[in-house]
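Convention: sequence-line order gives letters A, B, ...; per-chain numbering from 1. If you're wondering where the values come from, they're calculated on a predicted model, not measured in any experiment.
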Number of protein chains: 2
Amino acid sequence: MTADALSLTFAALADPTRRALLELLAVRPMAVTELAAPFDISLPAVSRHLKILRRAGLVERSREAQVRPCTLNAAPLKDAAAWMAHYREHWEQSFDRLDVYLQELQARRPSPSDPR
Amino acid sequence: MTADALSLTFAALADPTRRALLELLAVRPMAVTELAAPFDISLPAVSRHLKILRRAGLVERSREAQVRPCTLNAAPLKDAAAWMAHYREHWEQSFDRLDVYLQELQARRPSPSDPR
DNA sequence: AGTTTATTTAACCTTTCTGTTAACTACGCG
DNA sequence: CGCGTAGTTAACAGAAAGGTTAAATAAACT
């Protein structure tokens, strides 16, 4: 609750049901009942997942008659993606990470009692 | 635990301490004690955060004398980034989402009892 | 006004998370 | 061998996650 936006975003994405809900909403806005249909869990459970997605700012709810259509707002994903992009160079070269590491070790070897 | 890789990755990222740990490891591999130093929490707490990062495959531990250096493995971030990239077009146009939505509503209006 | 439809809130349960301190393991060194 | 260093595991506690069913709310429709 006191969590930062990035934590809320990643936490929201850390559940397969919630990711699936976002995928549905990527197609078009949908009512809660409509969103819930493909899942085996109860409606209140879906309602709570949506609450977590709303807490992260990924879903917005409007009101139209008795239906509350949910809309995707992908904006928070932009920040999350930006955070991860920071590591792109790392995952692109992840195969030779170990080599690099071993080289560093050797480079540091000279000092025997190596003060930290 | 039975969770899929993507869920484990996002869950690992959903904590500021763990993200900070990854940022440290992006600089160079480090020992647990060294990693723990900047944080106010106890060493066992850091050890557990590292366990979660390892469970997600983001951190690997090797062994060197009594030290267990931790290494960043950014590979899982690649999959997570790929999942999010799916939404890039959405966040890039997130300002006019509402307009699009309202247009869709109007387009559907013709059918009055609109079978779902 | 009373019913139906859509959705949330309440109350409850179980599991997982996050942190703590204390005890244990593992290795290197004098 | 016994000690110090590095790190994990154990045991415990409180908060949050995720699910359930039952009750409440809100608007639309006779």
At under 4.0 Å, does any side-chain N or O of [X] touch on OP1 or OP2 of [N]?
X	N	value
B/Thr33	D/dA6	no
A/Arg61	C/dA6	no
B/Arg54	D/dG7	no
A/Lys51	D/dG18	no
A/Ser47	C/dT8	yes
A/Arg48	C/dT9	no
B/His49	C/dC17	no

Within this structure, what is the CG-CG distance for the pair A/Leu50 and A/Leu58, rounded to the nearest 0.5 Å?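 Going from the CG atom of A/Leu50 to the CG atom of A/Leu58 covers 11.0 Å.
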For atom CZ of B/Arg55 and atom P of D/dT8, their distance in whole Å: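 To the nearest whole Å, that distance equals 16 Å.
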Remember a base hit wins even if backbone is also touched, and classify B/Ala31 as base, sugar-phosphate or nothing at under 4.0 Å, heavy atoms.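 Counting heavy atoms under 4.0 Å across all strands, the contact made by B/Ala31 is with sugar-phosphate only.
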Residue met sooner reading DNA chain D from 5', once A/Ala14 and A/Pro44 are mapped to nucleotides: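 Looking at DNA chain D, the more 5' nearest nucleotide goes with A/Ala14.
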Whether A/Phe10 and B/Phe10 hold their rings parallel, tilted or perpendicular, with breakpoints at 30° and 60°: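 Because their plane-to-plane angle is under 30°, the rings of A/Phe10 and B/Phe10 count as parallel.
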